2 protein chains.
Amino acid sequence: MVSHRGRGPTIRDVARRAGVSAATVSRVLNDSPLVVEPTRARVRAAVDELGYRMNATARTLSLGRATAVGVVVPFFTTHSVIERLRGVVARLSGYGQRGYDLLLFDVEAPAQRADAMRDLADRNRVAGLLIVSLPIFDAEIDALQRDELPAVLLDVRHPRLPRVVVDNVRGGELAAEHLLAKGHSRIGFVGDHPTNAYGFTSSEDRRRGFGAALERAGNRLDPALQRFGLADREEAEVLTRSLLGRSSPPTAIFAASDLQAIGVLKGCEAMGARVPEDVAVIGFDDVDLAEIVGLTTIRQPLRESGEQAADLLIAAIEDGVDDPVEEVQQLTVVERRTT
Amino acid sequence: MVSHRGRGPTIRDVARRAGVSAATVSRVLNDSPLVVEPTRARVRAAVDELGYRMNATARTLSLGRATAVGVVVPFFTTHSVIERLRGVVARLSGYGQRGYDLLLFDVEAPAQRADAMRDLADRNRVAGLLIVSLPIFDAEIDALQRDELPAVLLDVRHPRLPRVVVDNVRGGELAAEHLLAKGHSRIGFVGDHPTNAYGFTSSEDRRRGFGAALERAGNRLDPALQRFGLADREEAEVLTRSLLGRSSPPTAIFAASDLQAIGVLKGCEAMGARVPEDVAVIGFDDVDLAEIVGLTTIRQPLRESGEQAADLLIAAIEDGVDDPVEEVQQLTVVERRTT
DNA sequence: CTGAAAGCGCTTACAG
DNA sequence: CTGAAAGCGCTTACAG
């Protein structure tokens, strides 16, 4: 009888026990209004007695739709991604009777991206897709729509898909305004390479807004005071040393992310520059690290963004709502000790 | 034809196209040696032409075993957990033809723990379970073994299950030896409540080893210099203030985790105590934060622990290896600026 | 309101 | 070496 590994009781066992058909058991399990109360009770009793638990795999196959949600994230350990994911996790586990399972895909190299998208989309093990911070191609959207697979973007903007984003250009402006108000005029920037293998654009958007705001104030973002590198701490530190090694170093630096800002701080320390006396530093994101080191930063609601994106996805899955809405989240400057 | 949402081609479509039976297609897909080469080629061609992709759900149902691995973690955002998870993720995606999917369960409250275990174990959507940092009950192990569900523990010790752990008692000793070598004699401790709803014991184990080593050196861990609270930063800060508010405050503090050590550092700052001049601080874990703030700490290989645990689980799943081995990882003290 | 039957897309003894 | 058939555990028109 028990073939593979000790499978538990099935719907048929319950049916037998309750003296009804499997169809009826299924109806009770799915809260169909068709079943009369006494029958329901018998079925429920049988379920309890047998310790029956529904096989989600069979259900998925029969229904043609999964109860899991696929989440694709880059660099699983980035603080901002984790913070977003936390919002997603919190939301997902709260939904529906038993919530959605969360299938996690980490993309550590550009090539893995395509694999993840295809795996998740085509194998129909997933009721929807949440794509975090990874630019998506039109061909991929075509594929998703062909499969009628709901998808939501988080921290990525594409006109054809619902998305939760932030106005990065505006964020750059806020950073500029803050530094300007502090009286700085020789201001530097440390961010990602304008072009990168993933197609990330946040850093560039922030820099553009930053530069534009400086110009509007009669100042400018001197190309000589800009440095670009990988989005990590070490690299930001190196770039900062080079910036501070100049004959007339900047008196303030805007880093495209908090992680990079931490690198900037290290660079300042290494070069013997006091923060904020010699050079002020402002980051972007407001990850937990920012508070810990006392970093002034542009806060974006990371956790909330995950919650909102999850909500959008659930709406798309359960109610078929998939207008490509754009939810733009609020940015605020959080002043701490580095400016 | 296409009923639910545009399902892709099935094995039958491929069979028709290749002029063979579905059974043969299945065999080719599963690399059965039974199929002769010319047939294989035809099937492969059909697969390509149709863009066929196997339905993992159907396969799981038919085989009675899943291709996903369930990972249960507490407090998804704790740095140490994330770091471990990263190792798991890296390992899982590398295995087999297409690797294992990762089903993530976050336990934010003790009650969720049971739900997660049951959901994952019973619904047989998962080929194995990786339990991180969460103590497991005998009844749960019984259930797992009844279902023949492979399970591996990470940062938890139970004699009946394979596990990857660290010797926390020894870690405490290392911390004591380090502080003693620095000439400290009035030494405090900040850690978790000895009893907590999750049953975590790391903090207590570390404290015990710490106290024992002090005594062995003719010193002792004065109960008046111990403080217990939740495993978070804010609480550790509050506890530290109380410790430093004493008439004869400790000259060194061992925190049960880096996160708590950061709180200790904040507490020192708030009380105007210089680190390490007035009070030395040592943590435990060596999460990324530790390096960033220059914290001296007891390093445990977090990422590697995830990799090892994943390896054990895969071995259990694929080769049926499930002797309850215990892999004990190396601890080292990393001296930075706080001692 | 309930049941018998077909179907979801695979796999795998069992024949041949 | 290959195919027909039964089965994995559900769901849901279709009858009654």
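Below, chains carry the letters A, B, ... as their sequence lines are ordered, and counting in each starts from 1. For clarity, every value in this text was computed on a predicted model and none was experimentally measured. No hydrogens, no waters, no symmetry mates; every other heavy atom, side chains included, goes into these values.
With sequence neighbours excluded, the residues forming a salt bridge (Lys or Arg N to Asp or Glu O under 4.0 Å) with R157(B) are E326(B), listed by chain and number. In this structure D48(A) satisfies the side-chain contact (heavy atoms from CB on, under 4.5 Å) test with no other residue, sequence neighbours excluded. Residues passing the salt bridge (Lys or Arg N to Asp or Glu O under 4.0 Å) test with D138(B) are R160(B), sequence neighbours excluded. Residues satisfying the side-chain contact (heavy atoms from CB on, under 4.5 Å) criterion with T201(B), sequence neighbours excluded, are D205(B). Partners of S133(A) by side chain to side chain donor-acceptor pair (under 3.5 Å), not counting sequence neighbours, listed by chain and number: D155(A). Residues meeting the side-chain contact (heavy atoms from CB on, under 4.5 Å) test with F137(B), sequence neighbours left out: R113(B), E140(B). Legend: residues meeting ring pair (Phe, Tyr, Trp, His ring centres under 6.0 Å) with Y52(B), ordered by chain and number and at least two apart, are absent. Residues forming a side-chain contact (heavy atoms from CB on, under 4.5 Å) with R303(B) (at least two apart in sequence, or on another chain): E83(B), R86(B), A90(B), E307(B).
Comparing dT12(C) with dG16(C), their C1' atoms sit 16 Å apart, to the nearest whole Å.
Note that CD1 of I141(B) and NE2 of H158(B) are 3.5 Å apart. Values are rounded to the nearest 0.5 Å.
A residue-by-residue look at S21(B) and Y52(A) shows that S21(B) has its nearest nucleotide of DNA chain D further toward the 5' end.
Remark: nothing in residues 36-49 of chain B comes within less than 4.0 Å of DNA chain C through any heavy atom.
The CG atom of N55(A) sits 17 Å away from the P atom of dC10(C) (whole-angstrom rounding). For the pair L61(A) CG and dC8(C) P, the interatomic distance rounds to 9 Å; values are reported in whole Å. Atom CZ of R53(B) is separated from atom P of dG9(C) by 16 Å (rounded to the nearest Å). Atom CZ in R12(A) sits about 11 Å away from atom C1' in dC10(D), given to the nearest Å.
Each of dC1(D), dG3(D), dC10(D) was ranked by its minimum atom distance to the side chain of V20(B); first place goes to dG3(D).
The phosphate of dG9(C) (OP1 or OP2) has no side-chain N or O of T10(B) nearer than 4.0 angstrom.
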Per-nucleotide protein contact string for nucleotides 11-16 of chain D, where B marks a base within reach and S marks sugar-phosphate only (heavy atoms under 4.0 Å, - for neither): BBB---

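Between V43(A) and V47(A), the closest side-chain pair of non-hydrogen atoms falls below 4.5 Å.
A side-chain hydrogen bond (donor to acceptor under 3.5 Å, both in side chains) check over residues 16-25 of chain A, counting only residues at least two apart or in different chains, returns the pairs D13(A)-R16(A), R17(A)-E49(A), S21(A)-T24(A).
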Dot-bracket line, read 5' to 3' along DNA chain C, where crossing pairs take [ ] and | marks a partner on another strand, Watson-Crick or G-U under 3.5 Å: |||.||||||||.|||

